Amino acid sequence: MNPTKTVLVLASVVVVLITAGMMYSLTSGAIPVFKEFGLRFIVSSEWNPTEGREDYGALPFIVGTVLTSVIAIILCFPLAFSTSLFIGEYYRGTRMASITGTMVDMLAGIPSIVYGLWGFYVLRPMIVAFGWSAQGFSIFTAGVVLAIMIIPYATSITTEIIKMVSNDLKEAAYSLGATRREVIFSVIIPNARSGIFTSYILAFGRALGETMAVTMLIGNSNIVPKGIFQSGNTMASVIANQFGEADGLKLSALVAIGLLLFVITGIINGIGKLIIKKYSV
Amino acid sequence: MKNLIGILALAVLLSSCGNSSGGGDKKSKNVSLTAAGATFPLPFYNLAIKNYSSNTGTLLTYGGVGSGGGIRSLTDKVVDFGATDAFLSDDKEAEMPAEIVHIPTCIGAVVIAYSLPGVEDLNLSNENLQDIFLGRITNWNDSKLKETNPGIELPDLAVTVVHRSDGSGTTYIFSDFMSKISSEWERVVGRGKSLKWPVGLGGKGNPGVAGTIKQTAGAIGYIGSEFAFAQKIPVAQVENSAGKYVTPSLESISAAAQGEIPVDTKVMLTCSSDPDAYPISGFTWLILYKEQAYDGRSKVQAEETLKFLSWIIEKDAQALAQQVNYAPLPEKTVAQARKILGSVVFDGQPIVQ
Amino acid sequence: MALRIRNQRQDFPGLSRRLAKDRLFKGGVFFLSMVTISPIVLIIYKLVSNGYRQINFDFFSKKAPDTYEAMVAVGAGEIIPGGILNGITGTLFMVLIASVMAIPLGLLIGIFLYDQKTKRYAGLVRDLVDILQGVPSIVLGLIAYFWVVKTITHGFSALAGSTALAIMMLPLIIRSTEETLKMIPETIREAGYALGVPYHKIILRVLIPSGFSGLATGILLAISRVIGETAPLMLTALGSMEVNLNIAKPTSAVPLLIWEFYNDPNMVDLIWSSSLFLMMIVLLLNLLSKQLIAKRT
């Protein structure tokens with residue numbers, strides 16, 4: 001077989017090994033808690049870490065994770081997509097586009113603690129001022145900060161992909177009298193669809209796994225929130241919070257939550273990909 | 001491009017072969033120590049380690065990963081010693097791969113911080129604390145609070161309880177105290193490094209709780225004493241076992257250790273019988289294996305570990321603790337700690353003479 | 001013969017509506033883009049206004065201060081002494097090693113996925129990569145703890161930290177590589193084949209240069225992502241008071257220092273200047289990569 005192809009296949013095996021290895025480590029760590037509570041763990045809302053009366057359930061965190069990430073991607077999408085069009089199409093090649101692009105990329109380099117702090121000192125009072133929440137700690141607050149955090153991921157890749165749409169196609173459309181907007185919707189987007197979608201999957205993944213910023217803004221109540229302006233908790237946040245002190249059954253519960261996050265990421269990605277498949281046919 | 005990669009790879013290779021560590025300004029020996037654990041005494045440990053490193057040239061790294069992380073790291077034998085705010089019970093000790101010993105290093109306290117505009121002085125009786133943290137008192141102008149604070153104008157403001165969202169030794173000391181003063185608390189919530197809180201917001205770490213308290217009028221919560229002192233956050237006077245309202249200070253915290261301390265120093269200092277003691281105080285310990293010859297560990301490594309531990313319980317290090325608002329060990333506990341260190345062996349032979 | 005210049009709008013019904021939509025859309029794009037950059041302006045402002053005072057030559061050349069020095073300085077109203085040299089060297093060191101691990105591997109896997117597009121196995125690998133992106137950084141830290149700290153280096157080490165960071169970088173590099181290569185017109189690749197160019201040369205001389213901009217963006221994004229990560233490093237690199245370039249020993253990093261400063265009541269003010277530093281590094285990398293891309297095209 002072609003030696004180059006062999007090298008490529010070998011490289012791909014590394015990914016499989018890493019993910020398989022991770023699933024193995026997580027599963028073996030999670031077994032004790034599943035043995036103790038069975039599948040009830042996934043839908044239980046109890047979280048009592050006191051020794052002697054331990055009872056753990058993952059539902060509040062699953063709900064929190066899904067809610068915050070969905071809010072984040074919904075808020076991020078119009079902003080990131082517009083910015084990509086701004087940089088990659090409308091003002092392509094100009095100084096303004098370059099500066100905007102650099103500013104957006106800088107958002108990716110800010111440590112998540114700093115996002116948490118900024119959210120705590122700047123965003124939270126804004127939310128309190130709007131009257132949406134009494135102290136400002138809520139799913140929504142975390143969702144907003146997450147949206148800002150994932151913008152660079154969605155924007156950067158989409159911009160590059162949009163820029164790479166072949167000029168021939170665009171000029172053909174213009175020569176037929178299409179307006180700019182029509183070129184975007186009928187040529188650029190269909191052509192770049194795969195890349196655009198991938199960038200949002202990556203952004204969404206980032207939102208699912210974000211820890212620090214969320215933990216500072218979500219209120220850390222281990223209950224299923226009744227509304228997006230209530231406080232709650234996410235899977236990544238509870239792991240980060242409790243991990244330092246956990247052992248025994250509690251550690252197993254946290255590892256199990258990590259495993260569940262794996263599974264949920266897979267499910268949501270899968271659903272997204274199915275939707276896209278339906279649209280492209 | 002290829003040349004660049006080649007140079008980079010060479011650089012990485014060279015640096016990993018080298019074993020240079022240290023700023024190069026001190027006489028660095030080849031032994032370095034690693035430790036991990038509790039965040040409660042972190043300011044003290046940081047200062048002590050810096051001092052020790054610059055005086056002896058032995059590099060010591062301490063990571064504040066949490067008491068659980070410290071215990072885990074010691075179990076996995078990836079550190080020379082661990083640090084924990086809650087001592088291991090005999091059962092937990094039995095689960096360790098080998099016998100361990102606890103060395104107390106200093107005394108810290110948990111204080112009740114609050115944010116009440118215009119109120120500088122606040123007394124909170126044991127019953128008040130129980131009611132507030134169980135969610136029964138919901139407004140600051142509650143009659144029960146007025147009883148313990150005659151002459152202070154308490155505003156009509158909702159009470160917001162703030163607790164730790166992450167597991168911590170601070171929570172353990174606080175809940176231990178609460179369990180001792182309130183049987184209802186013991187029944188409903190209990191003691192532990194992380195709890196199922198009946199009411200309140202969770203803040204991450206001392207800074208999270210302190211930040212939330214400062215930003216929310218009417219908030220009340222518990223934080224490590226060092227934090228409150230350094231950031232000048234108003235704290236409440238708490239009722240001790242003699243019925244006195246005590247302000248947390250180095251003296252009142254030290255007084256908490258004046259009672260009976262067992263030989264292995266594994267004891268909670270909450271609700272001390274001493275009449276001047278601040279009741280929400282506690283030791284913090286360093287843990288290590290009694291038999292130091294494990295896993296190919298060198299004698300030199302064990303000796304250096306013991307050297308550091310012997311230093312941290314003595315006067316010079318204890319004076320550093322006071323500088324950063326931790327109470328030093330009382331003389332009799334220092335003697336007990338020395339004795340415990342004397343029992344640590346390498347291949348059966350005591351290391352410290 | 002006179003030319004009748006007819007009103008375009010009469011000839012092309014619906015044109016005015018299309019033009020209106022066009023203008024409206026452009027306005028919307030512009031507006032939302034400005035909204036997008038407003039947080040960055042706000043954040044930069046906050047970092048600069050709180051952090052600029054701490055940035056001086058010492059900042060880059062001295063190690064982190066201890067809590068007592070900081071307490072004294074804060075009490076006296078002076079700037080806190082010391083700097084973040086141990087963090088800077090640690091970050092550069094670990095990110096460099098992580099990049100050496102992740103970039104070649106990520107590129108290869110991205111090329112693999114592009115090459116194999118629709119095959120079942122490639123689809124599986126692609127799905128796994130996307131799932132990997134969603135793993136919380138602390139879980140990756142835990143994995144690196146088990147694989148490296150416990151089994152390879154028997155202690156906290158820079159290698160473990162780099163491993164965690166490398167795993168975090170992979171999905172971004174892999175997927176952006178794949179998507180970039182997919183946008184290169186087939187004709188270019190086929191021209192290479194037609195000339196009898198061996199496959200590895202096609203990759204190196206045709207595909208990578210054509211997609212250089214996209215590939216560089218993916219790499220830059222991946223580096224930006226890991227440069228500010230804290231949680232995984234806490235469990236793997238642990239931190240250090242000294243500058244450390246030994247791969248098997250604990251080492252500090254700027255985000256770790258930020259976390260330590262945050263948790264210490266006396267050193268809180270240092271977080272802003274350190275964050276500003278990280279942002280400046282990302283800015284620098286960004287400008288460098290733009291230069292590189294410009295040179296290539």
Side-chain angles (χ1 to χ4, degrees), chain A residues 2 4 7-9 11-12 14-16 18-19 22 25 78-79 82-83 85-86 90 100 102-114 118 122 148 151 153 156-157 160-161 164 166 179-181 194-195 198 201-202 205-206 208-209 211-212 236 239-240 243 258 261-262 265-266 269, chain C residues 18-19 21-22 25-26 29 32-33 35-37 39-40 42-43 46 105 108-109 111-112 115 125 128-139 143 146 167 171-172 175-176 179-180 182-183 185 199-200 213-214 217 221 224-225 227-228 230-231 255 258-259 262 275 278-279 282-283 286:
Chain A
N2 185 333
T4 317
V7 168
L8 293 179
V9 173
S12 71
V14 173
V15 165
V16 180
I18 293 179
T19 16
M22 281 172 66
S25 295
L79 295 176
S82 307
T83 313
L85 287 174
F86 181 92
Y90 280 104
T100 310
T102 306
M103 287 180 95
V104 169
D105 284 341
M106 280 167 77
L107 277 173
I110 299 178
S112 33
I113 312 175
V114 178
W118 179 82
V122 178
I148 300 175
I151 284 175
Y153 298 92
S156 286
I157 300 178
E160 287 302 317
I161 300 293
M164 287 180 84
S166 141
T179 62
R180 196 114 195 226
R181 189 197 75 92
S194 163
T198 302
I201 290 248
L202 291 176
R206 178 84 179 82
L208 286 172
T211 317
M212 283 300 187
I239 296 175
F243 184 73
L261 188 55
F262 236 103
T265 311
N269 284 348
Chain C
R18 286 166 58 210
L19 285 174
K21 271 200 211 166
D22 186 61
F25 185 70
K26 181 170 182 178
V29 164
L32 287 176
S33 304
V35 170
T36 309
I37 63 171
I40 181 74
L42 290 172
I43 295 176
K46 182 122 184 115
L105 192 61
L108 283 174
I109 301 176
I111 297 171
F112 168 78
D115 189 55
V125 173
L128 289 179
V129 169
D130 286 338
I131 294 180
L132 204 56
Q133 169 73 344
V135 179
S137 48
I138 191 158
V139 173
I143 298 285
F146 283 129
I167 300 180
L172 283 166
R175 291 295 255 128
S176 67
E179 292 300 329
T180 302
K182 269 159 84 170
M183 296 299 287
Y199 193 46
H200 72 273
S213 169
T217 300
L221 209 56
S224 307
R225 161 103 200 259
I227 216 168
T230 320
I258 295 181
W259 179 244
Y262 174 65
S275 308
L278 283 179
M279 230 174 50
V282 172
L283 179 63
N286 206 275

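No experiment lies behind these values; they were computed from the predicted model shown. Every chain is numbered from 1 and lettered A, B, ... according to where its sequence line falls, protein lines coming before strand lines.
- Ranked by non-hydrogen atom pairs under 4.5 Å with chain C, the options A:R181, A:M212, A:M106, A:M164 are led by A:R181.
- For C:D22, the parts sitting under 4.5 Å from any heavy atom of chain A are the backbone and the side chain alike.
- Ranked by non-hydrogen atom pairs under 4.5 Å with chain C, the options A:I157, A:T100, A:V15 are led by A:V15.
- For the residue pair C:V139 and A:G258, the shortest heavy atom distance occurs at CG2-CA, 4.4 Å.
- In this structure, the portion of A:L261 lying under 4.5 Å from any heavy atom of chain C is its side chain and not its backbone.
- Considering all non-hydrogen atoms of both residues, C:K182 and A:S194 come closest at NZ-OG, 2.9 Å.
- Only the side chain of A:I113 comes within contact range of chain C, with heavy atoms under 4.5 Å apart.
- Interface summary for chain C: among A:I110, A:V7, A:L208, the most heavy-atom pairs under 4.5 angstrom belong to A:I110.
- Defined by atom type and a distance below 3.5 Å, a donor-acceptor pair is present between the side-chain atoms of C:N286 and A:D105.
- For A:T211, the part lying near chain C is the side chain, with the backbone staying farther off; criterion is any non-hydrogen pair under 4.5 Å.
- With a 4.5 angstrom heavy-atom cutoff, C:I143 touches chain A only via side-chain atoms.
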Inset, instruction - Decide yes or no on side chain to side chain contact (heavy atoms under 4.5 Å, CB included) for A:F86 and C:I37, but give the supporting numbers first. - result: CA-CA 12 Å; A:F86 181 92; C:I37 63 171; over 6 Å; no
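- For chain C, the nearby part of A:Y90 is the side chain; its heavy atoms alone come within less than 4.5 Å.
- Proximity to chain A is absent for every atom of C:P185, based on heavy atoms less than 4.5 angstrom apart.
- Shortest non-hydrogen contact noted between C:I138 and A:A240 is CD1-CA, 3.5 Å.
- Only the side chain of A:F243 has a heavy atom closer than 4.5 Å to any heavy atom of chain C.
- Contacts between A:I148 and chain C at a heavy-atom distance below 4.5 Å involve the side chain alone, from C-beta outward.
- The contact between C:I227 and chain A is made entirely by side chain atoms (from C-beta outward), counting heavy-atom distances below 4.5 Å.
- For the pair C:V125/A:V16, a side-chain contact is recorded, criterion being any heavy-atom separation below 4.5 Å from C-beta on.
- For A:V104, the part sitting under 4.5 Å from any heavy atom of chain C is the side chain, from C-beta outward, and nothing else.
- When heavy atoms are compared at a cutoff of 4.5 Å, A:I18 approaches chain C by way of both its backbone and its side chain.
- Of the two parts of C:K21, the backbone and the side chain both hold a non-hydrogen atom closer than 4.5 Å to a non-hydrogen atom of chain A.
- When heavy atoms are compared at a cutoff of 4.5 Å, C:T180 approaches chain A by way of both its backbone and its side chain.
- By the side-chain hydrogen bond (donor to acceptor under 3.5 Å, both in side chains) test, A:T19 is found to be paired with no residue, residues two or more places apart in sequence or in another chain being considered.
- Only the side chain of C:T230 has a heavy atom closer than 4.5 Å to any heavy atom of chain A.
- Under the 4.5 Å side-chain criterion, counting only non-hydrogen atoms from C-beta, A:T102 is in contact with C:L283.
- C:I167 touches chain A through its side chain: at least one heavy atom from C-beta onward sits under 4.5 Å away, while N, CA, C and O do not.
- The salt bridge (Lys or Arg N to Asp or Glu O under 4.0 Å) check on A:R180 picks up A:E89, with sequence neighbours excluded.
- For A:S25, the part sitting under 4.5 Å from any heavy atom of chain C is the side chain, from C-beta outward, and nothing else.
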